[in-house]
Number of protein chains: 2
Amino acid sequence: MQAGTADEEWREDCAPRRTLELFATKWTSMILHTLHVRHDGPARTGVLLRSIPGISKKMLTQTLREMEAAGLVVRTVHGTVPPAVDYALTPLGARFVEPVELLYDWGRRNADALDALQAKPTSRR
Amino acid sequence: MQAGTADEEWREDCAPRRTLELFATKWTSMILHTLHVRHDGPARTGVLLRSIPGISKKMLTQTLREMEAAGLVVRTVHGTVPPAVDYALTPLGARFVEPVELLYDWGRRNADALDALQAKPTSRR
DNA sequence: CGGGATCCTGCAGGATACTG
DNA sequence: CAGTATCCTGCAGGATCCCG
């Protein structure tokens, strides 16, 4: 099998790599997760804002926009005078919750491994 | 449960978020994966370079450096005249292979969901 | 309250050339 | 072959102000 390239389909647009893009935009997975744990219905913008510490209003709306365009969430406007908007997962969006939870669960169960890291690739000042 | 903030520990340095940082640096997970599937021993720099289409020589060494500092890989120099260097997973690094494979496997099994995306968050020209 | 528009910044990350 | 050093670029993402 010689393998000048790779021993499996490992092109730039293969499935694994495209999955990674989900996590390339910093907030996407957290929004998916939040919409999931709050599956008692759609979530208002303000709720999302307060549920995800550190996210800015701009990035929240921007990411939601992209997710809506991607077909991951649906946006519903209720009022017009004091705007009341909520977001809900689409069936497609719900599917992407799985890899997110997979990853997050692993993190929770392996906090000791995370602690054992000498220096983090990012977030190191 | 009121939840002004979050319904679970969801601070900026919680385990899930720190797990995400693993994938923040674009190439880390791919290197982990490559070192894993080539577990028949350590891998030479050139092998890694050819196994990961699209990675540049610079990013490869740079990422490997960070991973070494983090304790994920060990670097071994063999020659000095024609430098022969190889990298191997540490026990800690091996642990981080799991979430990577988890994610990649999901992607392979759910290529249809990836195809169903209308617009990708990234890689959109 | 939700969200657009604008400005500004850091940093991931590519290209290239040089050393041993 | 492996690695370093520069230079340069795009873009994620923060802060701020304004609109309905």
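Just so you know, these numbers use all the heavy atoms, side chains as well, and skip hydrogens, waters and symmetry mates. The chains referred to below are lettered A, B, ... by the order of the sequence lines, with proteins before strands, and numbering in each begins at 1.
The two residues Pro53(B) and Arg17(A) make their nearest non-hydrogen contact at O-NH2, 2.7 Å. Of all non-hydrogen atoms in Leu92(B) and Ala70(B), the two that sit nearest each other are CD2-O, 4.0 Å. Pairing each heavy atom of Asp112(A) with each of Arg95(B), the nearest pair is OD2-NH1, 2.9 Å. Residues Leu20(B) and Lys26(A) come closest through the heavy atom pair CD1-O, 4.4 Å.
Going from atom CG of Leu35(A) over to atom CG of Leu48(A) covers 5.5 Å, rounded to the nearest 0.5 Å. Taking OG1 of Thr25(A) as the reference point, atom CE of Met59(A) lies at 7.5 Å (rounded to 0.5 Å). Phe23(A) contributes atom CZ, which lies 10.5 Å from atom OG of Ser29(B) (distance to the nearest 0.5 angstrom).
Ile31(A) has its CD1 atom 13 Å from the C1' atom of dG13(D), to the nearest Å. In this structure, CD of Glu68(B) is placed 15 Å from C1' of dT4(D), rounded to the nearest angstrom. Distance Ile52(B) CD1 to dG13(C) P: 13 Å, rounded to the nearest Å. If you measure from atom CG of Leu48(A) to atom P of dG3(C), you get 10 Å, rounded to the nearest angstrom. Following rounding to the nearest Å, Phe23(A) (CZ) and dG13(D) (C1') show an atom-to-atom distance of 19 Å. Note: CG (Leu60(A)) to P (dC1(C)) measures 14 Å, nearest angstrom. Atom CD in Gln62(A) sits about 7 Å away from atom P in dA12(D), given to the nearest Å. Atoms CE (Met67(A)) and C1' (dA12(D)) sit 16 Å apart, rounded to a whole Å.
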What N/O pairs connect the protein and nucleotides 14-20 of chain C at under 3.5 Å? Give each pair on its own line.
from    : atom 1 : to       : atom 2 : distance (Å)
dG14(C) : N7     : Lys58(B) : NZ     : 3.3
dG14(C) : O6     : Lys58(B) : NZ     : 2.3

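Between Arg75(A) and dG3(C), a side-chain N or O to OP1/OP2 separation shorter than 4.0 Å is present. Phosphate proximity of dG3(C) to Arg65(A): absent, as no side-chain N or O sits under 4.0 Å from OP1 or OP2. Within the 4.0 Å cut-off from OP1 or OP2 of dG3(C), at least one side-chain nitrogen or oxygen of Thr45(A) is found. Side-chain N/O atoms of Arg44(B) include one lying less than 4.0 angstrom from OP1 or OP2 on dA2(D).
Place Thr63(B) and Leu64(A) on DNA chain C by their nearest nucleotides, and Leu64(A) ends up nearer the 5' end.
One finds no salt bridge joining Arg18(A) and Glu21(A) here, because no Lys/Arg side-chain nitrogen approaches an Asp/Glu carboxylate oxygen to under 4.0 Å.
Residue pairs meeting the ring-ring contact (aromatic ring centres under 6.0 Å, His included) criterion with at least one partner in residues 69-118 of chain A, sequence neighbours excluded, are His33(A)-Tyr104(A), Phe96(A)-Trp106(B), Tyr104(A)-Trp10(B), Trp106(A)-Phe96(B).
Five base pairs at each end of the helix from dC1(C)-dG20(D) to dG20(C)-dC1(D) define two local axes, and these are offset by 30° (rounded to 10°).
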